Structures are given as C-alpha cells and as structure tokens.
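These notes are about the structure you will find just below.
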Amino acid sequence: MTNARSRAAAPATLPLTGERTVPGIAAENYWFRRHEVVYRALLSRCADRVVLEAGPGEGYGADLIADLAARVLGIDYDVQAVTHVDARYPRVAMIRANLVELPIADSSVDTVVNYQVIEHLWDQPQFLRECHRVLRPGGELLVSTPNRITFSPGRDTPLNPFHTRELNATELTELLTDAEFVVDTMTGVHHGPTLRALDTKHGGSFIAAQIDRALAGDPWPADLIDDVARIGIDDFELSLTDIDASLDLVAIAVKNP
C-alpha cells in the first residue's frame, strides 16, 4: 500500500483511456451510470461480508461497497490504478497482483465482485478457478460483463480494443459452471423508458451517437452532452427476461457449501 507521501501526490482522477470508466466526466456519464447501476443493485449482497473486488478500476465501486461490507480488498494489476485507489479510497485495502494468481488464502472471502473486468482477461477460466478457490463455501461471485451479442454485434473480435473475449449468456454460464460454480441468477441490463426515448431522439441508438462523436474527435453537440450528463441509474433496468437483448450480463454464482 502507498504511504502518506505518495497518497498526497496521487492524482485526483485517473485518465480516461477507454479501458475503464471514471466518475465526474459529463461525456462519460452514460457509461459510468451503466456500471454504477450494477453496484447499486447488488450492494446488499455485500453487507457484513469480507469482499474482494477483482479489478476495481477507478475504485468508486469498491468504496461504495465499503459502506456496508465488513472489509473490502481490491486487486488490480495496473500500478496507476492501485496507487489511485489506495490514495483516494483508504477504506479499500489494495494489492497489486495478476487476477489469475490471486494472492489470497483459500476459502478466505465471502464475496468476489468482478464488474466489467472478465472481458479484459486472457485466461478467463483460470481467473474463475481462482475466484472459486478464495471463496468460502456458500460464498458468491458477482459478475457483470458486456453482452457480446449487443456490444460487438456481428464481429469476430471485440469492438473495444481493451477486450480480449466478450461473452453471451450461454458462454458466461458455461465458464462459471466449468469453474464449479452454481449459477444462481442471470440477469441483463436494459435501457429504461428515458433511454429508449433517447435512442429514438438520436437516430435509433443513443450509444452509437456517443461513440460516433467520440471517434470523430469533434466537439459534442450541446443537446447530446446534456442528454448524456442527465443519465442516472434509474434510467436502466435489470431484467431476468430477454437476456440476449441485454446490454450487459449480470450473474450471481455460488460456491457450493
């Protein structure tokens, strides 16, 4: 962990590279809220538990979990992310390590949180085996990841250059089952009424309107940036139905007692 001197020198925000989302940036607000909704929806499952977040990114979610959890550990391979989280969110005990070799004892945590990370990993099966190993019997793995069907439709390789392999619901379920987890619940994140209206307003896809503008490198139109900045977590819905049409997959998997 960093000392007081490095903590004072740490940047207030991480740079926006496309690899992770960060709070407090108007043009990034849609993606930030789309991630935050899962943290909020599953937060109660972390209450009074020892929680490991594998890949906390900027750290806002791990800090949110710390409001309820007995203890929060964070593991990330990126030095800049580890330094930032350790400095900005002191309730999160950060460790720099590879997620496929977790430096955590067997059966020592109650919950593993892994939101929008597994798609970045080269060895997804090994990572899930490590999650199973460190969880106590009956412990839960909470996972979210972009739905390959809607995130990179019709592509052999992921649209996001930071992703190594994206998954659909069947593929995610198979990975979890192969790692000896029982999949308790599989839900999907969808646009709610406000976002569906914004899809229509912005030519059929609110997401495409943002991506096109970002790739062009031009200033955003005022109405687009205003619409993005106003998005909140209540504008998304988690549903057990129509999983293949969801934006992101959200799985709760259990290690058998």
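Not measured: the values here are computed from a predicted model. Residues: numbered from 1 along the sequence shown.
- No side-chain donor-acceptor contact under 3.5 Å links Asn168 to the backbone of Arg148.
- Between Glu237 and Val189, the closest side-chain pair of non-hydrogen atoms is not below 4.5 Å.
- Looking at Lys255 and Cys131, their side chains never come closer than 4.5 Å, going by heavy atoms from C-beta outward.
- Residues Asp227 and His202 have side chains that bring a donor and an acceptor to within less than 3.5 angstrom of each other.
- Contact record, Ala169 with Ile243: CB-CG2, 3.5 Å, taken as the closest heavy-atom pair.
- For the pair Ile211/Phe206, no side-chain contact is recorded, criterion being any heavy-atom separation below 4.5 Å from C-beta on.
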| said: Tyr39 vs Glu53, test: side chain to side chain donor-acceptor pair (under 3.5 Å). Steps then yes/no. | reply: CA-CA 11 Å; Tyr39 279 104; Glu53 181 160 16; 2.5 Å; yes
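- In the hydrophobic clustering of ILVMFWY residues, with side-chain heavy atoms under 4.5 Å counting as a link, Val183 and Leu240 come out apart.
- Taking the side chain as every heavy atom from C-beta outward, Val250 and Leu42 approach each other to under 4.5 Å.
- A continuous path of hydrophobic side-chain contacts links Val100 to Val109 [ILVMFWY only; heavy atoms under 4.5 Å].
- For the pair Ser107/Val134, no side-chain contact is recorded, criterion being any heavy-atom separation below 4.5 Å from C-beta on.
- Checked against the 6.0 Å centroid threshold, Tyr30 and His191 count as a close aromatic pair.
- Side-chain contact between Leu43 and Ile65 is present, with at least one heavy-atom pair separated by less than 4.5 Å.
- Put simply, the side chain of Asn29 gets close to the backbone of Val228: a donor and an acceptor are under 3.5 Å apart.
- If you take CG on Asp226 and CD1 on Ile231, they are separated by 11.5 Å, rounding to the nearest 0.5 Å.
- For the pair Ser108 (side chain) and Ala105 (backbone), a donor-acceptor distance under 3.5 Å is present.
- By the rule that hydrophobic residues join a cluster once side-chain heavy atoms approach within less than 4.5 Å of another member, Val254 and Leu128 end up as members of separate clusters.
- Residues Val182 and Ile252 fall into different hydrophobic clusters, defined by Ile, Leu, Val, Met, Phe, Trp and Tyr side chains chained together at heavy-atom separations under 4.5 Å.
- Taken from CG in Leu176 to CG in Asp184, the straight-line distance is 11.5 Å, to the nearest 0.5 Å.
- Minimum interatomic distance between Arg40 and Leu64 (heavy atoms only, all atoms of both residues): NH1-CD1, 3.3 Å.
- Under the 6.0 Å cut-off for aromatic ring centres, Phe181 and His132 qualify, their centroids lying closer than that.
- Between the side chain of Asp178 and the backbone N or O of Pro125, no donor-acceptor pair lies under 3.5 Å.
- The shortest side-chain heavy-atom distance between Ile233 and Arg34 does not fall under the 4.5 Å cut-off.
- Side-chain contact between Leu249 and Thr187 is absent, with no heavy atoms from C-beta onward closer than 4.5 Å.
- Between Arg133 atom CZ and Leu102 atom CG the span is 6.0 Å, to the nearest 0.5 Å.
- For Asp63, the side chain to side chain contact (heavy atoms under 4.5 Å, CB included) partners are Tyr89, Arg91, not counting sequence neighbours.
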Check the pair Glu58, Arg88 against salt bridge (Lys or Arg N to Asp or Glu O under 4.0 Å), reporting the backbone distance first and the verdict last. CA-CA 9 Å; Glu58 195 276 340; Arg88 185 168 184 179; 3.1 Å; yes
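- Thr145 and Glu119 form a side-chain donor-acceptor contact under 3.5 Å, judged by distance and modelled atom types alone.
- Annotation for Val51 and Val113: closest pair CG1-CG2, 3.8 Å, computed over non-hydrogen atoms.
- Nearest heavy-atom pair across Arg45 and Leu142 is CD-CD2, 4.2 Å.
- Minimum interatomic distance between Ala62 and Val72 (heavy atoms only, all atoms of both residues): O-CG1, 4.0 Å.
- Contact record, Thr164 with Trp122: CG2-CE2, 3.4 Å, taken as the closest heavy-atom pair.
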